[in-house]
Amino acid sequence: MRLDDLPQLHFSYDVVGSTRFDETPAGYHRLEHRARLGDGDEVFRRAGEALLSWRMHRLAGLPFTAESAAAIGVNALGRLGPGMVIGRLRTAVPIGLVGLPIPCRVVWTVDEPDRNGFAYGTLQGHPESGEESFVVTRESDGIYFTVTAYSRAAAWYARLGGPATRTLQGLAAKRYANALRRLATSR
């Protein structure tokens, strides 16, 4: 699968946009991870830029190519490969799944004085079915990053992974937060 293949793909779920309203559809597993990034306007600005340019995903170890910066309708293609390290856990991807494609499309964005971010939904061929949002907020006690997702297995190997798949998703959310913190606070 290539990035050029994504425009003709359809979403692999029906409840597109639900993360914007903090709704978890019936039959999906919910994930939420919130982390403090730091303080100040510069941290907020850097975090938003790193998030929308896909740099957070790349630094977190998930290679993503995208048509452009995150905007509604932008297609992105990640690749899950063997030996990716998520936290202290090395993913165990069978050799036959090297370069497993994870196609997504941005479904909503937010660009407000105190909130910045986006969500993408899974496309046909993604091992999971659902949506994931990434939002940076400026609050009275600092700058925060929240990952919210709902998903369920779409491929046989994701179903086979069961609870281990959800554990990996949680570890990936923590890795995203750590990567964004580094990008937002480095000079």
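In this chain, residues are counted from 1 in sequence order.
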*To the nearest 0.5 Å, what is the distance between NE2 (His126) and CZ (Arg105)?*
12.5 Å
*asked:* List the residues meeting side-chain contact (heavy atoms from CB on, under 4.5 Å) with Arg20, not counting sequence neighbours, and say none if there are none.
replied: Trp108
*Can you list the steps and then say if Leu100 with Arg79 is a side chain to side chain contact (heavy atoms under 4.5 Å, CB included)?*
CA-CA 5 Å; Leu100 180 69; Arg79 293 262 176 213; over 6 Å; no
*Among all residues two or more places apart in sequence or in another chain, which pass the side chain to side chain donor-acceptor pair (under 3.5 Å) test with Arg34?*
Glu139
*asked:* Assess the residue pair Leu183 and Glu49 against the criterion (side chain to side chain contact (heavy atoms under 4.5 Å, CB included)); give the C-alpha distance rounded to whole Å, side-chain angles, the decisive distance to 0.1 Å, and a yes or no.
replied: CA-CA 9 Å; Leu183 290 164; Glu49 287 174 0; over 6 Å; no
*Give the minimum heavy-atom separation between Ala119 and Thr19, together with the two atoms involved.*
CB-OG1, 3.5 Å
_So, using side-chain contact (heavy atoms from CB on, under 4.5 Å) as the criterion, who are the partners of Ala76 when residues are at least two apart?_
Trp54, Phe64, Ala66
_Pairwise distance CD(Glu32) to OG1(Thr24) - rounded to 0.5 angstrom_ = 8.5 Å
*Could you tell me which non-hydrogen atom of Leu9 sits nearest to which non-hydrogen atom of Pro103, and how far apart they are?*
CD1-CB, 4.4 Å
*For Arg58, check salt bridge (Lys or Arg N to Asp or Glu O under 4.0 Å) against everything at least two apart and list the hits.*
none
_Which residues share a side chain to side chain donor-acceptor pair (under 3.5 Å) with Asp141, sequence neighbours left out_ = Tyr144
*Can you tell me how far CD of Gln124 sits from CE of Met1, rounded to the nearest 0.5 angstrom?*
8.5 Å
*May I ask you to decide if Ala71's main-chain N or O and Thr109's side chain share a donor-acceptor pair within less than 3.5 Å?*
no
*Can you name the residues that form a ring pair (Phe, Tyr, Trp, His ring centres under 6.0 Å) with Tyr176, not counting sequence neighbours?*
His57, Phe134
*Between Glu131 and Tyr120, does any side-chain donor sit less than 3.5 Å from a side-chain acceptor?*
no
*If a pair satisfies ring-ring contact (aromatic ring centres under 6.0 Å, His included) and one of its residues is in residues 17-46, list it, with sequence neighbours excluded.*
Tyr28-Tyr150
*Which residues pass the side chain to side chain donor-acceptor pair (under 3.5 Å) test with Arg55, sequence neighbours left out?*
none
*Begin from the C-alpha positions of Arg36 and Phe145 and carry the test side chain to side chain contact (heavy atoms under 4.5 Å, CB included) through to its verdict.*
CA-CA 6 Å; Arg36 190 173 190 281; Phe145 172 61; over 6 Å; no
*Evaluate the side-chain hydrogen bond (donor to acceptor under 3.5 Å, both in side chains) criterion for residues Gln169 and Ser151: first the C-alpha distance (whole Å), next the side-chain angles of each, then the deciding distance (0.1 Å), finally the verdict.*
CA-CA 10 Å; Gln169 288 173 330; Ser151 64; 3.3 Å; yes
*Hey, mind stepping through Ile102 and Thr122 against side chain to side chain contact (heavy atoms under 4.5 Å, CB included) and telling me if it holds?*
CA-CA 8 Å; Ile102 48 174; Thr122 59; over 6 Å; no
*Please say which of Thr137, Leu51, Leu52 ends up in a side chain to side chain contact (heavy atoms under 4.5 Å, CB included) with Asn116.*
Leu52
*Would you please name every residue forming a side chain to side chain donor-acceptor pair (under 3.5 Å) with Asp4, sequence neighbours left out?*
none
*If you look only at pairs with a residue in residues 112-129, which of them pass as a salt bridge (Lys or Arg N to Asp or Glu O under 4.0 Å), with sequence neighbours excluded?*
Glu112-Arg115, Asp114-Arg138
*Ala184: partners by side-chain contact (heavy atoms from CB on, under 4.5 Å), with sequence neighbours left out*: Val43, Arg46, Ala47
_Shortest non-hydrogen contact between Ala179 and Leu59, atoms and distance_ = O-CD2, 3.6 Å
*Once you round to the nearest 0.5 Å, how far does NE2 of His10 lie from CG of Leu123?*
10.0 Å
_Considering all heavy atoms, the nearest Ala35-Ala177 contact_ = CB-CB, 3.7 Å
*Of the non-hydrogen atoms in Asp39 and Gly142, which two are nearest, and what is the gap between them?*
OD1-CA, 3.5 Å
_Can you list everything that forms a side-chain contact (heavy atoms from CB on, under 4.5 Å) with Glu67? Sequence neighbours excluded, please._
Leu3, Pro7, Val74, Asn75
*asked:* Can you give me the closest heavy-atom contact between Ala173 and Leu31, atom names plus distance?
replied: CB-CD2, 4.0 Å
*asked:* For the residue pair Arg175 / Asn178, report whether a side-chain donor-acceptor contact shorter than 3.5 Å exists.
replied: no
